[in-house]
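Following: one structure in structure tokens, then a few remarks.
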Amino acid sequence: MEIVFATNNKHKLDEIREILGENFQVRSLNDIGCHDEIPEDYDTLELNAMQKAQYIFDRYGMSCFADDTGLEVEALGGAPGVHSARYAEGTDHDSEANMDKLLRELGENNNRKARFRTVIALIIKEEGESMHDQDKEEDTVLFFEGIVEGHIAHEKSGSEGFGYDPVFVPDGYKESFAELGMDIKNTISHRARAVAKLAEYLKRMPVGESNA
């Protein structure tokens with residue numbers, strides 16, 4: 001099945017392609033010639049993921065999915081949450097600055113409980129559907145959620161992964177995501193759990209529909 005993942009983040013693409021396997025041809029935004037700055041205007045993961053998926057579907061008429069992920073830290077009232085990628089002021093996807101701010105905000109707080117949460121929004125192009133079908137009702141958007149519980153370490157450790165991986169230790173492990181490596185992370189992570197639900201749904205679709 002060919003499907004667009006609304007991202008150009010190489011780490012995310014590699015992770016998703018590894019999880020979905022050879023039965024899925026996952027295309028990036030670059031692969032379909034989309035170089036737009038896709039808006040993320042909402043204050044929830046669900047709405048941001050839906051906005052990105054809808055943007056691609058409306059313009060390219062291709063089955064697509066988009067994700068939004070947030071790190072939710074209990075002692076910070078759920079922050080950085082939907083603002084995880086831009087947590088440090090004046091930055092955009094600056095992992096080092098984001099982690100530094102997070103560690104400063106937590107300080108010596110003993111409550112380090114946190115969770116990663118990923119929401120995937122999926123829109124499937126139906127067989128025979130035109131991308132400019134004006135008579136079609138609103139597109140059906142399906143959501144898949146994955147959560148992994150853990151805690152924030154007092155310092156960064158590990159060199160694999162991306163984002164907050166060097167400071168997030170999943171429950172049941174002593175090492176951070178960045179120390180555990182991609183093989184383990186791809187079996188237990190928030191994104192892995194959301195993608196597993198997505199893949200299960202896609203594999204159950206009728207053949208004709210899944211090839212749309």
Side-chain angles (χ1 to χ4, degrees), residues 1-21 23-72 78 80-86 93 115-148 163 186 189-212:
M1 176 183 182
E2 183 176 17
I3 192 166
V4 177
F5 180 19
T7 188
N8 279 322
N9 184 307
K10 185 180 184 302
H11 296 293
K12 284 187 178 184
L13 283 164
D14 289 345
E15 195 172 272
I16 288 283
R17 285 168 174 160
E18 177 70 23
I19 295 168
L20 283 179
N23 290 330
F24 298 89
Q25 295 178 314
V26 182
R27 306 303 188 196
S28 69
L29 295 177
N30 278 335
D31 291 335
I32 64 171
C34 178
H35 306 291
D36 302 345
E37 186 69 29
I38 301 177
E40 296 179 66
D41 301 327
Y42 293 99
D43 59 1
T44 69
L45 301 178
E46 288 81 2
L47 289 176
N48 274 341
M50 180 180 71
Q51 184 180 31
K52 289 186 283 186
Q54 192 71 57
Y55 185 94
I56 296 304
F57 185 81
D58 288 346
R59 286 159 180 76
Y60 294 87
M62 301 176 70
S63 296
C64 62
F65 65 92
D67 80 317
D68 202 16
T69 294
L71 174 64
E72 301 171 346
V82 72
H83 304 295
S84 293
R86 300 173 178 84
H93 294 85
R115 69 176 187 173
F116 266 122
R117 188 164 71 93
T118 288
V119 175
I120 293 174
L122 169 71
I123 304 177
I124 292 292
K125 180 183 177 183
E126 297 176 7
E127 189 173 8
E129 176 185 351
S130 166
M131 65 181 291
H132 299 299
D133 188 350
Q134 300 298 320
D135 298 324
K136 187 178 182 295
E137 295 180 359
E138 249 183 63
D139 300 311
T140 299
V141 182
L142 299 173
F143 294 96
F144 307 88
E145 181 185 62
I147 295 173
V148 60
N186 283 349
S189 78
H190 45 295
R191 188 170 292 108
R193 292 172 179 177
V195 172
K197 295 176 184 177
L198 169 69
E200 182 182 358
Y201 175 82
L202 292 175
K203 290 172 182 175
R204 293 201 312 264
M205 290 174 56
V207 175
E209 187 177 349
S210 65
N211 287 332

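Here the structure is a predicted model, which means the values were calculated and not measured. Worth knowing before you read on, the calculation uses all heavy atoms, side chains too, and leaves out hydrogens, waters and symmetry mates.
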Review point. In Å and rounded to the nearest 0.5 Å, what is the CZ to NE2 distance from R115 to H190?
Key: 12.0 Å

Revision key, fill the gap. For V148 and R193 the tightest heavy-atom approach is CA-NH1, 3.6 Å

Point to revise | Residues, nucleotides or ligands: over 12 heavy atoms within 6.0 Å of Q25 CD | key: yes

Point to revise | Gap separating the CD atom of E40 from the CD atom of Q51, nearest 0.5 angstrom | key: 7.5 Å

Check your understanding: Rounded to the nearest 0.5 Å, how far does CD1 of I19 lie from CG of N186?
Key -> 4.5 Å

Check your understanding: Just how far is it from atom CE of M62 to atom CZ of F57, taken to the nearest 0.5 Å?
Key -> 11.0 Å

Point to revise | Side chain to side chain, Y60 and V4, heavy atoms closer than 4.5 Å | key: no

Review point. Which atoms form the tightest heavy-atom contact between S63 and I3, and what is the distance?
Key: O-CG1, 3.5 Å

Point to revise | side chain to side chain donor-acceptor pair (under 3.5 Å) involving E46 - partner list, sequence neighbours excluded | key: R117

Review point. Rounded to the nearest 0.5 Å, how far apart are CD of E145 and NZ of K197?
Key: 6.0 Å

Exercise for review: Tell me, please, which residues at least two apart from D43 pass side chain to side chain donor-acceptor pair (under 3.5 Å).
Suggested key: none

Check your understanding: So which heavy atom on F143 is nearest to which on A121, and how close?
Key -> CE2-CB, 3.8 Å

Exercise for review: Measure across T69 and L45 and return the closest heavy-atom pair with its distance rounded to 0.1 Å.
Suggested key: C-CD2, 3.8 Å

Practice item. Kindly compute the distance separating CZ (R191) from CZ (F144), expressed to the nearest 0.5 Å. Key: 15.5 Å

Practice item. State whether Y201 and R204 meet the cation-pi test: NZ (Lys) or CZ (Arg) under 6.0 Å from the six-membered ring centroid, and within 45° of the perpendicular axis. Key: no

Check your understanding: With a 4.5 Å heavy-atom cut-off, do L202 and L122 have their side chains touching?
Key -> yes

Revision key, fill the gap. Side chain to side chain contact (heavy atoms under 4.5 Å, CB included) filter on H11, not counting sequence neighbours, yields N9, F162

Exercise for review: For the pair D67 (side chain) and I120 (backbone), establish whether a donor and an acceptor sit closer than 3.5 Å, ignoring hydrogens and angles.
Suggested key: no

Check your understanding: Mind checking whether K52 and D68 have side chains closer than 4.5 Å, heavy atoms only?
Key -> yes

Review point. Less than 4.5 Å apart, any side-chain heavy atom of K12 and any of T118?
Key: no

**Study point:** Residue pair S189 / E15: nearest heavy atoms and the distance that separates them
**Key:** OG-OE2, 4.4 Å

Review point. Does a donor on one side chain and an acceptor on the other come within less than 3.5 Å for Y55 and D36?
Key: yes

Revision key, fill the gap. What one should report as the nearest heavy-atom pair of A53 and A66 is N-CB, 3.6 Å

Check your understanding: Is the shortest heavy-atom distance from the side chain of I56 to the side chain of I123 under 4.5 Å?
Key -> no

